Amino acid sequence: MIGTQEKGSTSGVPETPAGERGPVYVTRAFLPPFETFTELMRGVWDRGQLTNNGPLVQQFERALAEQIGLAHPLFLVNGTIALNLIIRALELKGEIITTAFSHPVTTTSILWEGCTPVFVDIDPDTFCVDPTAIEERITPATTAILATHVYGLPCDVEAIEAIALRHGLKVIYDGAHAFGTRYKGESLLNYGDVSSTSFHATKVFHTVEGGSVHTRSEALYTRLRLLRTMGQVGEGFHAVGLNAKNSELHAAMGVANLPFLDEILAQRRHQWERYATGLASAPVHLARIPADTEYNHSYFPAVLPTEEALLRVRAALNAVDIHPRRYFSPAVTELPFIGRTGECPIAESVAHRVLCLPLYHGLSDAIIDEVVDIVSRTLR
Ligand SMILES: *Cc1c(COP(=O)(O)O)cnc(C)c1O
């Protein structure tokens with residue numbers, strides 16, 4: 001609605017005839033060749049097994065372990081339930097230190113499991129928790145740290161591990177954005193006691209709906225595996241579980257998409273760098289990719305000087321049918337049902353000023369250049 005209202009009213013940006021390229025959204029799901037998917041469906045039809053740890057689920061998990069190097073991958077129904085499953089499996093109680101800048105579910109998973117979130121502010125260059133702000137928030141009730149690898153950029157995993165060791169805390173990473181990022185030669189999802197990711201259709205790699213958890217601990221893996229299937233083994237029930245398993249149809253999308261991962265990541269790198277080069281002299285603050293990181297380029301966040309500037313840039317893009325996203329906005333602390341506004345000023349300030357620009361497989365250089373041009377001119 002804002003787009004329509006403000007159409008043509010902003011900053012002398014020329015109207016690009018939208019009809020030529022159609023609307024541009026912030027993301028668009030990659031799809032494998034139709035025939036690849038239907039071939040996999042043929043097998044599902046022949047076997048008649050649709051779910052319950054079928055051969056495609058097992059094949060997908062094996063591929064995640066062997067090709068991505070993930071520790072003990074368990075394929076799940078989504079990245080939200082993954083967090084609930086982890087908190088349950090670790091039997092966490094009391095306070096969990098978390099970030100103010102993430103998807104709301106990072107925090108609501110803590111609340112859903114009856115624990116108390118304690119917020120820490122972020123590093124404005126990586127958007128991840130500022131480890132120097134963690135220790136002052138630890139109390140005798142603290143049991144864990146749940147941090148997000150925001151936009152697929154790594155948290156300071158070494159500093160967080162050192163703090164956790166000093167205080168006997170568990171470390172959980174919400175790696176919903178982090179699939180494909182490597183840190184020091186290793187999948188970022190293998191860091192911490194346990195991590196989750198999301199394979200939702202809007203993420204860098206997807207299974208339509210889906211997610212997974214990863215841990216190096218054999219004992220925790222066994223526990224997560226049991227709780228994933230309602231605590232059921234064979235015909236017996238052994239624990240208070242969830243139904244968090246995913247289906248053969250979703251696994252098929254993962255199996256079909258995985259061979260394209262390197263191509264997807266390479267193209268995203270090119271697109272990301274084209275944005276970064278194009279915006280180098282514009283007054284926007286861009287993410288800093290930490291050392292030793294092979295980044296997955298899952299998002300292109302641009303932090304604008306003010307919220308007013310953000311609204312002008314968004315209106316100018318909307319006017320030509322380009323739709324960036326305010327992601328994440330507001331900060332978790334500012335959500336009405338959280339009500340902790342003011343606790344994390346950096347996260348809140350970034351949340352008011354950050355815009356994720358369109359970035360997805362197949363996005364053309366011409367559209368990237370058009371976005372760069374509009375952003376630069378609007379801010380001039
Ligand atoms: C998308 C997302 C989730 C939730 O994943 P779903 O698969 O959609 O349930 C969790 N955390 C973050 C940071 C996310 O972006």
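All values derive from a computational prediction rather than experimental measurement. Numbering of ligands and ligand atoms starts at 1, following listing order.
If you look at Y327 next to ligand 1, the close heavy atoms, those under 4.0 Å, all belong to the side chain.
Checking only distances, H200 never comes within under 3.5 Å of ligand 1, N or O to N or O. For ligand 1, one of its N or O atoms has an N or O atom of H177 under 3.5 Å away. For ligand 1, the polar-atom distance check finds an N/O of D174 within less than 3.5 Å of one of the ligand's N/O atoms. Among the atoms of G79, some N or O lies under 3.5 angstrom from an N or O of ligand 1. Considering backbone and side-chain N/O atoms, E209 never comes within less than 3.5 Å of an N/O atom of ligand 1. Among the atoms of H103, none of the N or O lies under 3.5 angstrom from an N or O of ligand 1.
Checked for salt-bridge contact, K245 and E61 miss the test: no charged N lies under 4.0 Å from a carboxylate O. The pair R223-E218 does not meet the salt-bridge criterion, since no charged nitrogen lies less than 4.0 angstrom from a carboxylate oxygen.
If you check which protein heavy atom lies closest to atom 2 (C) of ligand 1, you get K203 NZ, 2.8 Å. Looking from atom 10 (C) of ligand 1 to the surrounding protein, the closest heavy atom is V105 CG2, 3.3 Å. From the protein, the heavy atom lying nearest to atom 4 (C) of ligand 1 is T80 OG1, 3.5 Å.
No donor-acceptor pair closer than 3.5 Å links the side chain of R268 to the backbone N or O of H361. Between the side chain of N257 and the main chain of H206, a donor-acceptor pair closer than 3.5 Å is present. Here the side chain of T36 pairs no donor or acceptor atom with the backbone of P32 at under 3.5 angstrom. For T333 (side chain) and E343 (main-chain N/O), no donor-acceptor pair under 3.5 Å exists by modelled atom type. In this structure, T215 contributes its side chain and D193 its backbone to a donor-acceptor pair below 3.5 Å.
Close contacts of ligand 1 with N78, meaning ligand atoms under 4.0 Å from a residue heavy atom, involve 7 (O), 9 (O). The ligand atoms of ligand 1 that sit less than 4.0 angstrom from a heavy atom of G210 are 7 (O). Residue S102 approaches ligand 1 through these ligand atoms, each under 4.0 Å from one of its heavy atoms: 13 (C).
Aromatic ring centres of Y151 and F127 lie closer together than 6.0 Å.
Closest non-hydrogen pair, T202 versus T27, comes out as O-OG1, 3.7 Å.
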